[in-house]
*Asks:* 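First, the structure itself, so that you have it in front of you.
A, B, ... follow the sequence lines: proteins, then strands. Residue 1 opens every chain. Because the structure is predicted, anything quoted here is derived from the model rather than measured.
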Amino acid sequence: MEIFNYFFHLGIIFSIYSLLVLSSNLSLGYGGLFNLALPGLALIGAYTSSLLSLKTNLPFGVIFVITLILGYLVGWIISKITNKLRGDYLALVTFGFTFIVFTLALNWESLTRGALGLPSIPKPKFLFFQIESLIEIFIFYYLITFIVYLFLQKLIFSPLGRSIQALRDDELAISVLGRNPLRIKSLVLGISGLLSSLAGILYAHYLSYLDPYSFGLGDLIFILSALFLGGLADNRGALLGTFLLIIIPESLRFLPLPSYLVGALRQIIYSLIIIIILWFRPKGIFGKIDLS
Amino acid sequence: MNLLELKKISKSFGGIKAVDEVSLEIEEGKIYSLIGPNGAGKTTLFNIISGFILPDEGKIIFRGEEITNFDIWQRASYLSRTFQLTRNFKNLNLKDNLLLSFDSPYENIFRFWQFKKKYEKEKIEIIKEFLNEIKFTREFSAKASEISYGQAKLLELTRAILKHHEILMLDEPVAGVNLEIREIIREILRKRRENGDTILLIEHDMNFVMDISDYVFVMSEGKLVAEGEPKIIKNNPKVLDSYLGAE
Ligand SMILES: Nc1ncnc2c1ncn2[C@@H]1O[C@H](COP(=O)(O)OP(=O)(O)OP(=O)(O)O)[C@@H](O)[C@H]1O
Ligand SMILES: [Mg+2]
């Protein structure tokens with residue numbers, strides 16, 4: 001049964017990272033907002049939910065909701081602070097945000113235990129239903145990812161989604177049509193924050209362990225690569241990109257190679273896929289838009 | 001009451017006085033043109049009226065209410081405009097580009113999930129009818145980035161017209177378009193006026209301006225140097241001097 005557990009594990013990782021890639025697709029692919037705060041928001045979600053679970057008696061369902069609201073609020077605040085910034089500057093400030101969250105998690109030892117990390121984070125539990133085994137977690141996480149996917153598709157193909165995409169294409173032109181761009185940005189970054197913190201919750205309560213390195217620069221590269229591979233502004237593409245970037249490097253494990261080679265080879269293959277795809281299909285597999 | 005009033009509007013960029021104490025009044029139901037040589041400050045004045053730029057001095061009054069410091073999107077509830085360099089939503093198709101003219105009750109985080117395509121049928125009919133009228137034949141699914149220059153101009157114009165407004169501001173609507181499209185635009189604008197619309201347009205094409213306008217403002221070096229009915233403006237020595245002479 002080892003092999004099944006291994007696939008369930010990969011599946012769970014896929015569902016967690018799908019949330020981050022979908023979240024990034026909403027802000028960057030559809031909203032045109034170069035939001036690099038996602039790992040920071042995921043850390044906030046993961047720490048909030050873990051600490052509340054470890055230090056209070058609140059039921060998990062309540063913690064879950066509080067954490068999601070917090071994720072939305074932090075995304076919303078980021079939108080207020082960065083309102084006038086576009087493109088590179090927004091990327092810089094939101095990347096700075098991720099770095100600040102990381103630094104806090106590392107140095108606020110009385111709360112987070114710093115680099116030692118938080119062990120024994122409990123598994124999710126809703127009302128009386130304790131989600132414990134690998135397969136239960138697998139099903140529960142897929143359900144969540146599926147709901148999020150449906151929600152985002154509905155959003156994107158609604159008039160609200162149309163305005164979000166119009167904001168990406170031309171902020172002034174959408175203002176002239178009577179939409180307040182700040183309102184749209186707040187919404188996009190808020191939802192993006194909520195989804196990232198959701199990914200953080202699922203991650204911490206699956207692995208039962210969390211430290212400041214759980215989400216960082218590596219995840220950012222993964223998210224953006226998956227997005228560009230699958231194609232910006234297409235959620236199916238986002239999922240496919242995530243899937244391929246998990247599966248292809250993973251399959252190296254089964255080659256008869258020494259382990260020190262596998263690590264390096266993984267990075268090389270990883271970069272190679274991206275170069276090849278971007279070479280032959282610069283908009284990604286499903287992508288429709290041009291951000292320049 | 002005047003629809004729109006500018007009172008001593010001024011705006012400088014560094015040392016350049018792009019707009020210099022411009023005052024003007026616009027009444028409902030007429031076509032106004034704003035003419036003047038390159039760099040006269042016409043587009044800057046448009047940007048001030050629509051809220052892209054705040055003036056250094058002066059007031060903007062709409063139906064008696066001062067709106068000098070309103071945001072762009074707030075003024076949009078009574079003002080439609082196009083741009084000298086056409087702005088469309090390049091990754092969206094023509095249908096979405098035009099549906100954006102209309103507000104939707106579903107454009108809201110609490111209601112978007114109730115949205116169904118049938119709620120837009122009526123708007124799509126309005127759009128199709130208008131496009132027919134102007135003989136615009138590109139398929140709805142074409143992306144805005146794929147259409148020709150003239151079509152892009154028409155698309156932007158259509159969006160501005162279909163959007164609810166009390167004044168329609170067009171920055172060089174016929175610049176660079178072929179004769180056929182120019183005629184189409186002339187016809188649309190005439191029809192709009194017949195229906196009571198108020199139009200303010202910037203244009204370099206004198207024949208077009210003199211033919212279509214009820215009233216003309218002339219700017220030069222930031223100042224409003226003349227105004228009046230087309231036939232008076234045509235023979236105004238100041239205008240010949242500052243504008244037609246410079247051509
Ligand atoms: N954002 C800006 N920054 C600096 N200078 C500007 C800016 N916008 C306009 N100007 C200057 O203000 C003056 C008026 O420009 P404006 O674009 O309003 O002229 P215009 O009458 O529309 O000319 P054209 O017929 O060429 O479109 C010009 O000298 C221009 O260089
Ligand atoms: Mg101009």
Side-chain angles (χ1 to χ4, degrees), chain A residues 26 28-32 72 75-76 79 83-84 147-148 150-192 194 231-234 283-284 287-292, chain B residues 46-47 49-53 70-83 85-93 95-117 119-120 123 143-146 155-156 159-160 162-165 169 171:
Chain A
L26 177 66
L28 180 59
Y30 292 107
Y72 188 97
W76 182 84
S79 78
N83 181 26
K84 295 286 176 219
I147 292 171
V148 166
L150 291 182
F151 168 87
L152 288 173
Q153 290 298 86
K154 185 77 194 165
L155 173 68
I156 288 312
F157 292 101
S158 76
L160 185 54
R162 184 184 294 132
S163 284
I164 292 172
Q165 297 179 72
L167 170 80
R168 167 198 64 207
D169 283 2
D170 196 327
E171 181 169 342
L172 288 181
I174 192 69
S175 316
V176 168
L177 294 174
R179 274 67 163 196
N180 178 355
L182 178 57
R183 218 200 71 183
I184 304 176
K185 281 185 219 172
S186 301
L187 190 82
V188 166
L189 293 183
I191 295 175
S192 212
L194 182 148
L232 284 166
D234 187 298
K283 287 181 179 175
K288 297 191 190 77
I289 65 150
D290 169 14
L291 270 187
S292 63
Chain B
F46 256 42
N47 286 340
I49 297 172
S50 53
F52 284 69
I53 299 175
F70 282 24
D71 277 325
I72 303 171
W73 59 274
Q74 290 171 314
R75 302 180 201 214
S77 57
Y78 35 76
L79 178 156
S80 273
R81 76 165 285 190
T82 64
F83 296 87
L85 296 171
T86 313
R87 300 186 97 117
N88 287 310
F89 303 101
K90 62 179 177 181
N91 291 302
L92 299 185
N93 63 26
K95 185 172 104 185
D96 284 330
N97 261 279
L98 291 170
L99 279 169
L100 282 162
S101 301
F102 306 99
D103 287 327
S104 168
Y106 303 99
E107 204 171 319
N108 169 320
I109 189 66
F110 302 107
R111 290 201 64 190
F112 79 84
W113 50 274
Q114 294 173 310
F115 169 76
K116 296 203 178 59
K117 285 210 166 94
Y119 295 129
E120 275 175 352
K123 305 291 181 221
K143 266 199 199 179
S145 57
E146 295 163 355
L155 176 65
E156 192 195 32
R159 198 171 50 234
L162 292 181
K163 179 185 150 297
H164 167 82
H165 61 264
M169 297 172 49
D171 198 344

*Asks:* In Å, rounded to the nearest 0.5 Å, how long is the span from CG of B:Leu92 to CG of A:Asp170?
*Replies:* 10.5 Å
*Asks:* Between A:Gln165 and B:Asp96, is a side chain to side chain contact (heavy atoms under 4.5 Å, CB included) present by the stated rule, with each step listed?
*Replies:* CA-CA 10 Å; A:Gln165 297 179 72; B:Asp96 284 330; over 6 Å; no
*Asks:* Does B:Arg87 reach the main-chain N or O of A:Ile174 with its side chain, forming a donor-acceptor pair under 3.5 Å?
*Replies:*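 No; judged by distance alone, with no hydrogens or angles, the pair does not exist.
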*Asks:* In residues 71-78 of chain B, which residues are in contact with chain A at a heavy-atom separation under 4.5 Å?
*Replies:*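 Expected list: B:Ile72, B:Trp73, B:Ala76.
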*Asks:* Where on B:Lys143 is there a heavy atom nearer than 4.5 Å to chain A: the side chain, the backbone, both, or neither?
*Replies:* side chain
*Asks:* Using a 4.5 angstrom heavy-atom cutoff, name the option from B:His164, B:Arg81, B:Glu120 with the most pairs to chain A.
*Replies:* B:Glu120
*Asks:* Are A:Leu177 and B:Phe89 close enough, and set up right, to give a side chain to side chain contact (heavy atoms under 4.5 Å, CB included), and what steps lead you there?
*Replies:* CA-CA 12 Å; A:Leu177 294 174; B:Phe89 303 101; 3.7 Å; yes
*Asks:* Pick one of side chain, backbone, both or neither for A:Leu187, based on which atoms fall under 4.5 Å of a heavy atom in chain B.
*Replies:*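 Only the side chain of A:Leu187 comes within 4.5 Å of chain B.
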*Asks:* Heavy atom to heavy atom, less than 4.5 Å: which residues from residues 154-163 of chain A reach chain B?
*Replies:* A:Lys154, A:Leu155, A:Phe157, A:Ser158, A:Pro159, A:Leu160, A:Arg162, A:Ser163
*Asks:* Counting distance only, does the side-chain N/O of A:Asp169 pair as donor-acceptor with the main-chain N or O of B:Lys90 below 3.5 Å?
*Replies:* yes
*Asks:* Give, as side chain, backbone, both or neither, the part of A:Ile184 having an atom under 4.5 angstrom from any heavy atom of chain B.
*Replies:*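 The answer is neither part of A:Ile184.
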*Asks:* Sort out for me which of B:Leu100, B:Ile109, B:Asn97, B:Asp103 touches chain A most, counting heavy-atom pairs under 4.5 Å.
*Replies:*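 The candidate making the most pairs under 4.5 Å is B:Leu100.
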*Asks:* Does any backbone or side-chain atom of B:Tyr119 lie under 4.5 Å from a heavy atom of chain A? Answer side chain, backbone, both or neither.
*Replies:*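 It is neither, since no heavy atom gets under 4.5 Å.
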